[in-house]
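Just follow the structure's listing: the first ligand is 1, and inside any ligand the first atom is 1. No hydrogens, no waters, no symmetry mates; every other heavy atom, side chains included, goes into these values.
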Amino acid sequence: MSGTESNLPVTIAGTGSYLPEKVVTNKDLESLVDTTDEWITTRTGIKARHMAAEGEHTSHMATKAAERALEQAGIAPEDLDLIIVATITPDTLTPATACYVQQNLGAFNAVAFDISAACSGFLYAMKISSRLISDGAFKNALIIGAEKLSSFINWEDRTTCVLFGDGAGAAVLRAAEEGEGSIIATDIGTDGRQTHLLNIPGGGSACPTTTENAGQRLATLAMLGKEVFKHAVTRMRDSANLVIERAGLKPEDIKLVIPHQANLRIIDAIADRLAVPNDRVFVNLHKYGNTSAAAIAIALDEAHREKKFERGDHIILVAFGAGLTWAAAAVKW
Ligand code: UT7
């Protein structure tokens with residue numbers, strides 16, 4: 001599903017992020033499973049990840065990221081009319097994590113709901129909310145990517161437990177004013193034929209956790225990494241190229257590419273295929289690992305606060321995840 005935002009232009013008025021305090025290094029994991037810092041670093045680029053404290057939920061992290069984005073945007077919680085949380089690790093199956101965030105912020109004039117599109121979720125939320133603002137249905141939207149993946153990891157499975165981390169990122173969207181940048185083009189896509197490649201098989205209605213199956217830890221992430229890797233490179237390349245073309249940009253016009261932070265080898269392959277030099281590709285996965293829906297949101301906030309791009313610059317956001325899902329956005333800041 002692709003589109004050029006053609007009605008009211010929509011701008012990103014503020015960004016924010018939050019990482020829980022506890023840091024787990026590759027060295028720490030060496031004492032947990034049969035792995036090495038060397039294997040994790042060379043195969044993924046990850047050196048550390050953050051882990052939520054006991055009692056710290058996805059909604060708590062989402063709220064902290066949201067407060068920072070709202071502050072930067074200069075928008076009060078009561079002026080929000082839309083909150084979308086992208087997550088695969090909700091506080092509860094129902095109600096939506098967005099409802100807890102609405103309560104925490106006191107944003108009681110906002111419609112609030114979650115979307116589940118794994119690592120692409122934040123860009124799905126950007127697409128949905130920007131269309132709703134562009135159409136005039138909503139004025140001020142808060143979109144959040146937030147994950148507590150540590151609750152859905154089998155800490156005895158070395159093929160997955162070294163990859164993921166917890167955290168949250170947020171952005172506030174509203175109609176652009178004169179002279180402000182906007183979201184120029186977006187793309188989102190899904191391939192449901194590949195659901196088996198990356199999933200949390202248990203804990204849902206298909207396979208509820210019971211006393212009989214509890215020991216099998218089915219409510220944890222399972223991934224066929226090599227297969228996912230191949231799809232990730234081609235889908236992200238194609239999605240990014242689509243929005244670049246729709247935005248009428250050339251590689252040299254792009255100030256920064258912010259890709260999903262899953263594996264440095266995937267990021268390098270994407271940079272290569274987009275013909276964008278590595279110094280114009282944002283990487284922070286060495287600090288946080290793969291935070292799924294939060295990854296692009298955290299990276300956008302960090303890159304923004306580190307002034308990696310300025311008013312008038314073009315940036316490309318591109319993500320890929322379970323589903324399989326993928327998404328990209330071309331933004332003039
Ligand atoms: O966010 C959603 C999107 N997700 C992704 O994009 C992830 C995509 N996939 C990947 O990033 C990579 O496939 C992984 C990082 C998950 C794995 O890297 P790989 O190069 O594909 O390794 P592999 O799975 O083929 O495993 C190679 C070897 C195996 O041993 P044998 O069979 O060759 O003896 C694994 O058992 O590495 C072994 N291995 C480990 N060794 C030490 C797997 N995990 C570990 C580990 N430490 N943590």
Item to check | Top protein contact for atom 10 (C) of ligand 1, by heavy-atom distance | outcome: Asn263 ND2, 3.6 Å
Checklist entry - Measuring from Ser116:OG to Asp114:CG, what's the distance to the nearest 0.5 Å? => result 8.5 Å
Checklist entry - In terms of residue, atom name and distance, what is the protein heavy atom nearest to atom 44 (N) of ligand 1? => result Trp39 CH2, 3.3 Å
Checklist entry - Of all the atoms in ligand 1, which lie at a distance below 4.0 Å from a heavy atom belonging to Thr159? => result 43 (C), 44 (N)
Checklist entry - Who's the nearest protein heavy-atom neighbour of atom 2 (C) of ligand 1, and how far? => result Cys119 SG, 3.4 Å
What side-chain donor-acceptor pairs closer than 3.5 Å can you find for residues 219-233, not counting sequence neighbours?
unit_1	atom_1	unit_2	atom_2	d
Thr220	OG1	Arg217	O	2.7
Glu227	OE2	Lys230	NZ	3.0

Item to check | Salt bridge present between Arg158 and Glu30 (N-O < 4.0 angstrom) | outcome: no
Checklist entry - For atom 1 (O) of ligand 1, which protein heavy atom lies nearest, and how many Å away is it? => result Asn290 ND2, 2.6 Å
Item to check | Donor-acceptor pair between Tyr124 and Thr190 side chains, under 3.5 angstrom | outcome: yes
Checklist entry - Within 45° of the ring axis of Trp333 and under 6.0 Å from its six-membered ring centre, is that where the NZ or CZ of Arg311 lies? => result no
Item to check | The one among Glu227, Arg158, Arg43 that brings a heavy atom closest to atom 38 (C) of ligand 1 | outcome: Arg158
Checklist entry - Can Ile40 be said to touch ligand 1, with heavy atoms closer than 4.0 Å? => result no
Next on the checklist: Would Gly225 count as being in polar contact with ligand 1, using the rule that some N or O on each side must be under 3.5 angstrom apart?
Outcome noted: yes
Next on the checklist: Any carboxylate oxygen within less than 4.0 angstrom of a Lys/Arg side-chain nitrogen, looking at Asp37 and Lys47?
Outcome noted: yes
Item to check | Proximity winner for atom 16 (C) of ligand 1, if only heavy atoms of Leu163, Leu221, Leu149 are counted | outcome: Leu163
Item to check | Non-hydrogen protein atom less than 4.0 angstrom from atom 29 (C) of ligand 1 | outcome: no
Checklist entry - Is the shortest distance from atom 34 (O) of ligand 1 to a protein heavy atom below 4.0 Å? => result no
Item to check | Contact check: Thr36 vs ligand 1, nitrogen or oxygen atoms, below 3.5 angstrom | outcome: no
Next on the checklist: Looking at Asn199 and Thr195, would you say the former's side chain and the latter's main chain have a donor-acceptor pair under 3.5 Å?
Outcome noted: yes
Checklist outcome for this item: Residues at least two apart in sequence or cross-chain that pass ring pair (Phe, Tyr, Trp, His ring centres under 6.0 Å) with Tyr288, listed by chain then number, are His50
Checklist entry - When rounded to the nearest 0.5 angstrom, what is the spacing between CD in Glu56 and NZ in Lys64? => result 5.5 Å
Next on the checklist: Measuring from atom 23 (P) of ligand 1, which candidate in Glu30, Lys230, Lys226 has the nearest non-hydrogen atom?
Outcome noted: Lys226
Checklist entry - Is there at least one protein heavy-atom neighbour under 4.0 Å from atom 47 (N) of ligand 1? => result yes
Item to check | Arg68 side chain vs Thr63 backbone, donor-acceptor pair below 3.5 Å | outcome: no
Next on the checklist: Closer than 4.0 Å and a protein heavy atom, does any atom meet both conditions relative to atom 4 (N) of ligand 1?
Outcome noted: yes
Next on the checklist: Among all the protein's non-hydrogen atoms, which is closest to atom 6 (O) of ligand 1, and how far away is it?
Outcome noted: Ile266 CD1, 3.3 Å
Next on the checklist: One residue to check: Val33. Relative to ligand 1, which of side chain, backbone, both or neither has a non-hydrogen atom less than 4.0 Å away?
Outcome noted: neither
Item to check | Distance filter under 4.0 Å to Ala262 heavy atoms, resulting ligand 1 atoms | outcome: 1 (O), 5 (C), 6 (O)
Item to check | Atom indices of ligand 1, in the order listed, that fall short of 4.0 Å to a heavy atom of Val162 | outcome: 48 (N)
Checklist entry - Are Leu198 and ligand 1 in contact, using a heavy-atom cut-off of under 4.0 Å? => result yes
Checklist entry - Which residue owns the protein heavy atom closest to atom 18 (O) of ligand 1, what's the atom, and how far is it? => result Arg265 NH2, 3.5 Å
Checklist entry - Relative to the heavy atoms of Thr44, which atoms of ligand 1 are at a distance of less than 4.0 Å? => result 15 (C)
Item to check | Shared hydrophobic cluster for Ile83 and Ile128 (ILVMFWY, side-chain gaps under 4.5 Å) | outcome: no
Item to check | Glu306 CD: over 12 foreign heavy atoms closer than 6.0 Å | outcome: yes
Item to check | CD (Glu71) with more than 12 external heavy atoms under 6.0 Å | outcome: no
